[in-house]
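In what follows, a single structure is set out as structure tokens and then discussed.
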Amino acid sequence: MAARPLYPFAEIETRARALWEREDLFRARLEGPGRKFYALMMFPYPSGHLHVGHGRNYILGDALVRYRLMRGDRVLSPMGWDAFGLPAENAAIQGGKHPRLSTLANIARMKEQLQRWGCGYDWSREIASCHPGYYRWTQWMFLQLYRAGLAYRKRAPVNWCPSCATVLANEQVLDGACERCGTMVEPRDLEQWFFRITAYAQRLLDDLRLLDRWPERVLAMQRNWIGRSEGVELDFRISPGEEVVRCFTTRPDTVFGVTFVAMAPEHPILERVCAGNPRAGAIRAFAGKARRQNFVERTSADSPKEGIDTGVKVRVPLSGELVPLWVVNYVLPEYGTGAVMGVPAHDERDFAFAKAHALPVRVVIEPPDGIPPGGLAQAHVGEGRQVNSGPFDGLPNSEGWERIADAVEKEGVGRRRVTFRLRDWLISRQRYWGAPIPIVTCAACGIVPVPEESLPILLPPDVEFRPTGESPLARSPEFVETSCPKCGGKARRETDTMDTFVDSSWYFLRYLSPRDTARPFDRALLDAWLPVDQYIGGVEHAILHLLYARFFTKVLHDLGHVGFDEPFGALFTQGLITKVAYQCPEHGWLPAGPSLEARVAGGTRTCPEPRHERFEAPPELRVSLHKMSKSKGNTVPPEPLIERFGADAVRLYTLFVGPPEKEAEWDDASVVGQYRFLARFHDLVRSLAPVPAGGDPKGAKGAFDDLRRAAHSALRSVSEAFEGDFHFNTAIATLHTLADRIGKAAPAAEAPADRAALREAALLAVRMLAPFAPHLAEELWSSMGEKGSVFRRAWPAYDPALAKSREVEIALQVNGKVRSRLVVPSDAAEEEIRSRALADERVREWTAGRPIAKTVVVPGRLVNFVLR
RNA sequence: GCGAGAGUGGCGGAACGGCAGACGCGCGGGACUUAGGAUCCCGUGGGGAAACCCGUGCAGGUUCGAGUCCUGCCUCUCGCACCA
């Protein structure tokens, strides 16, 4: 039933790929003439199948790589696999294959998919983060951080799913529930390893300024995530007593408005507050309950603000006033000092809390339009003048801020401080399928790092994956039991593995020397090749991956391992590919497909499933746009489209679908447009193939001179797309138009110069098409009698004199409205244009003898006659 | 709430302050066909017989001229959010 193809893309594509393989086209030349160009696409997690949404990343990158090859650059375009991770292990738990086997199978399949798409990489540099030859060095990285004091262990709460009996990573917790079974997650305390990324917070923030070729939104997200805030730390002394409760505030100007102090239930001083306190029982009960609240309940903005008065009083700095100390659920232990001063008049949360617990509200910043007679109806958080603030009364609060900060520093009851929202990076995972943390615990020596020469610590091949809450490694005696590297006594290996973000924080360094068994990377090569010239990936990694990779790079720089301290010079984040998804109130997400699409397009929006128990009639489907994902049933595999239209057409549509940095909706039906174009272009160039080389296109006249100009002008815009914003959607539209013009001009080509011009235009079009539709371009290149791969021929330079048309049509306006048009030579002088415009009959009608107040001439664009 | 971005035909989207809607899908008509859910050609923002008028989320402004710049709103998307 398969219709005959419009052009023989299957053979063409096979042939082209064979040629590239023979030519070893994508083998990187690390040395030699030409500029280096490190093109990096975020390496994928080998989930098993790529869908067309993934393609956007790789096809965009491949087009760029091919363009750079044609520019004569020494291109490094490697590919690898972010191959550790939970899905493979979850599959094993559910009785599937060992993660290693399923991962390897997935890698093989996805590699083939990339090749079928025509995406070229230097596969001799392929890496997989689950390979011992790789994770050996991930462990080495850990040891570097450990030695530098940047890796440490402490007790910390983790997400525990009581139903799966396992620990979950934050990203596996959706709205407080386990991703897999939907059970609400509970906090649990475990010994965990952390990387001290907070030590680099300021630099990670400051150096964002250097990243001028990163998208603004990514920079903003990083700034936001780091979350620097300037404030003052104030000491509230418990009275009577010597203990101090420290509060961080960004509003020291409101200190005279403090009417209570609130601390987190986890606060270390809590036990001392309880000692000898008649309310100790109630306080402990409340704190315990608050601590057990799950993350979402605790941190969502509209959950109830609860608290208990400890009965203890603390003294407010400067004013010396005594206010009650409360324990509340809404203060977080991790941020600031774990305690805050309560200023109901000037903080919305404090205001709500004070109203609920009958605490006084004292205005100390007068709003510009005064204090309403009945008191504040809500907190005044804006600017104003200091009132009720002792010696600071009358100052604008911005000045009060500084003066009060000075005063508390002078009196030694506080100090200016900078706080970050960024937390240390928890890297422990109680999981099997990751790089083991190279640490042993010895009864005599304590925590001992494994010596570098003992790496890698290999994963044992046989473990039981049954989830119990501790790492499956803990159940492998041959793994756990070891000897202490220091004293030789009996010791226990750390059984946690590392977060996969650790693997991806340095992979771009390994590509330069992927098989080096002596060291993780080669500094000389890195210093020559880094930073990456163009990094391409999805926005979903805008924060964590990019921040961690930057952190690692800075650490390696500071330890003297590399000579640069930012890894990615230019970043391009392409928008998500979305696709309609169908949701039935009873059956959930239904797999999208042609039949369902046709059903909905035909006006039937009800669920096609035969059985409906909760509904009398089949309910309406909810149709909405979502990122392609397996769970929503709206992924589109590339294979059927490639079989029907060829990889080139799929590539072209993927690039054509919209500006690459924006979201785009995938529409299978639209692929045909690019297919038709390629087929037309194929037939056209084949029909031109007998046109012999020779003749000088410079002598072309009339329509063929115009054709040359069209070709060179297209060349200019396509080249600019590669050098600029990667808006290949318009570049491809330009090629459509050029191909159309070639086709229209072709039949009239007779004079040798005209034929030469035709040939020139066709060859230029083929070469411009090459980065986008490489297979067809390769075929047409040789069919025109050109030798060797089109990618070995230098990208053509456009002739600026030619890259504009001979004549232009300009608009003639009267009072800003177009009334006529005029064709003039594109280099016509302003005076000539003006007089010819004035002579235009329609212009004369519209001006009708009325005086012309002003004439605006924009050469090449328009003439505007302003009447009055 | 804070930050970033976006609102243009039936749809995806084009437009250095200068002819709004390039290019593609879809749709309409025609051709070729036993047939067309293939292909090719023509047409396709709205109104109007036409001249012409109206059209880029809304309201103002700057300008000879605004989708584009400025001011104030509205809507949507994304990120962060009891962050003290």
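By convention in this document, chain letters (A, B, ...) are assigned in the order of the sequence lines, proteins followed by strands, and residues within each chain are numbered from 1.
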Decide whether a cation-pi geometry holds between Arg421(A) and Trp225(A); the criteria are a distance under 6.0 Å from NZ or CZ to the six-membered ring centre and an angle within 45° of the ring axis.
-> yes
Of rG79(B), rC23(B), rU39(B), the nucleotide closest to the side chain of Ile543(A) is rG79(B)
Contact class for Val657(A) (heavy atom, under 4.0 Å): base, sugar-phosphate, or nothing?
-> sugar-phosphate
Sub-3.5 Å donor-acceptor pair from the side chain of His346(A) to the main-chain atoms of Ala379(A), do we have one?
-> no
After noting the C-alpha distance and the side-chain angles of Asp740(A) and Lys744(A), does the key distance pass the salt bridge (Lys or Arg N to Asp or Glu O under 4.0 Å) rule?
-> CA-CA 6 Å; Asp740(A) 191 45; Lys744(A) 291 225 162 69; 3.1 Å; yes
Identify, between Glu334(A) and Arg217(A), the residue whose nearest nucleotide on RNA chain B lies closer to the 5' end.
-> Arg217(A)
If you measure from the C1' atom in rC40(B) to the same atom in rU33(B), how many Å do you get, rounded?
-> 12 Å
Among rC25(B), rG79(B), rG18(B), which is the nearest nucleotide to the side chain of Leu862(A)?
-> rG18(B)
The side chain of His736(A) lies closest to which of these nucleotides: rC64(B), rA14(B), rG24(B)?
-> rG24(B)
Atom NE2 of His727(A) and atom P of rG12(B) are separated, to the nearest Å, by 17 Å
Out of rC16(B), rU77(B), rC23(B), which has the shortest distance to the side chain of Arg861(A)?
-> rC16(B)
Taking the six-membered ring for Trp, are Phe572(A) and Phe726(A) ring centroids under 6.0 Å apart?
-> yes
With respect to the phosphate group of rC16(B), does any side-chain polar atom (N or O) of Lys804(A) fall under 4.0 Å of OP1 or OP2?
-> no
When we call it a touch if two heavy atoms are under 4.0 Å apart, what does Leu6(A) touch: a base, just sugar-phosphate, or nothing?
-> sugar-phosphate
Between rA49(B) and rG61(B), how far apart are the C1' atoms? Round to whole Å, please.
-> 40 Å
Looking at Arg676(A), does any N or O in its side chain come under 4.0 Å of the phosphate oxygens OP1/OP2 on rG26(B)?
-> yes
Starting at the 5' end of RNA chain B and moving along, which residue's nearest nucleotide shows up first, Tyr675(A) or Val858(A)?
-> Val858(A)
Roughly, in whole Å, what's the span from CZ in Arg223(A) to C1' in rC83(B)?
-> 18 Å
Tell me whether the centres of the aromatic rings in Phe353(A) and Tyr330(A) are closer together than 6.0 Å.
-> yes
Considering only side-chain heavy atoms of Val856(A), which listed nucleotide, rG18(B), rC82(B), rC83(B), is closest?
-> rG18(B)
With sequence neighbours left out, the residues meeting side chain to side chain contact (heavy atoms under 4.5 Å, CB included) with Glu807(A) are Val823(A)
With respect to the side chain of Pro659(A), which nucleotide from rC82(B), rG24(B), rA14(B) is positioned closest?
-> rA14(B)
Using only heavy-atom distances, decide whether a donor-acceptor pair under 3.5 angstrom links the side-chain of Arg251(A) to the base of rA84(B).
-> no
Distance, rounded to the nearest Å, where Asp347(A) contributes CG and rA84(B) contributes P | 9 Å
Hey, is rG9(B) sitting syn or anti, using the within-90° cutoff around 0?
-> syn
Across the strands shown, which category fits Gly816(A) at heavy-atom distances under 4.0 angstrom: base, sugar-phosphate, nothing?
-> nothing
Expressed in angstrom and rounded to an integer, what is the separation of Phe656(A) atom CZ from rC25(B) atom P?
-> 8 Å
Please state the P separation for the pair rA6(B) and rC69(B) - nearest whole angstrom.
-> 10 Å
For atom CD of Glu720(A) and atom C1' of rA14(B), their distance in whole Å | 16 Å
Provide the distance between the two C1' atoms, one in rC42(B) and one in rC74(B), to the nearest whole Å.
-> 42 Å
Which nucleotide in the set rC23(B), rC83(B), rG65(B) lies at the smallest distance from any side-chain heavy atom of Thr737(A)?
-> rC23(B)
Is the Phe9(A) ring parallel, tilted or perpendicular to the Tyr7(A) ring (thresholds 30°, 60°)?
-> perpendicular
Side-chain contact check for Arg842(A): nearest option of rC52(B), rC83(B), rC25(B) is rC52(B)
Pairing of RNA chain B as dot-bracket, 5' to 3': ( ) intra-strand, [ ] crossing, | other strand, . unpaired, with Watson-Crick or G-U pairs under 3.5 Å?
-> (((((((..(((.....[....)))((((((.......))))))(((....)))..(((((..]....))))))))))))....
Within less than 4.0 Å of OP1 or OP2 of rA4(B), is there a side-chain N or O belonging to Asn224(A)?
-> no
Please report, rounded to the nearest Å, how far the P atom of rG37(B) is from the CZ atom of Arg644(A).
-> 13 Å
Pairwise C1' distance for rA20(B) and rA14(B), with rounding to whole Å = 9 Å
OP1 or OP2 of rC82(B) under 4.0 Å from side-chain N/O of Lys305(A) = no
Are the ring centres of Phe772(A) and Phe722(A) closer than 6.0 Å?
-> yes
Contact class for Val866(A) vs. all strands (heavy atom < 4.0 Å): base, sugar-phosphate, or nothing?
-> sugar-phosphate
Please measure how far the P atom in rG67(B) lies from the corresponding atom in rA15(B), and state the result in whole Å.
-> 16 Å
Assign Asn729(A) to base, sugar-phosphate, or nothing according to its heavy-atom contacts below 4.0 angstrom with the strands shown.
-> sugar-phosphate
Whole Å only: how far is the OH atom of Tyr653(A) from the P atom of rC25(B)?
-> 11 Å
For rG3(B), take OP1 and OP2 only and decide whether either is under 4.0 Å from a side-chain N or O of Arg228(A).
-> no
Do any side-chain nitrogens or oxygens of Arg349(A) fall under 4.0 Å of OP1 or OP2 in rA84(B)?
-> no
Quick one: which of rA84(B), rC53(B), rC25(B) gets closest to the side chain of Thr250(A)?
-> rA84(B)
With a 4.0 Å cut-off on heavy atoms, is Glu348(A) in touch with a base, just the backbone sugar-phosphate, or nothing at all?
-> nothing
From rC80(B), rG13(B), rG24(B), nucleotide with atom closest to Arg680(A) side chain = rG24(B)
Classify the side-chain pair Asp668(A)/Trp666(A) by whether it contains a donor and acceptor separated by less than 3.5 Å.
-> yes
Ring centre gap for Phe677(A) and His736(A) strictly below 6.0 Å = yes
State whether a side-chain donor-acceptor pair under 3.5 Å links His727(A) with Glu661(A).
-> yes
Same-atom distance (P) from rC27(B) to rG21(B), integer angstrom | 24 Å
What integer number of Å spans the C1' atoms of rU68(B) and rA81(B)?
-> 34 Å
Whole Å only: how far is the CD atom of Glu661(A) from the P atom of rG13(B)?
-> 11 Å
State whether Arg246(A) places a side-chain N or O below 4.0 Å from either non-bridging phosphate oxygen (OP1 or OP2) of rA84(B).
-> no
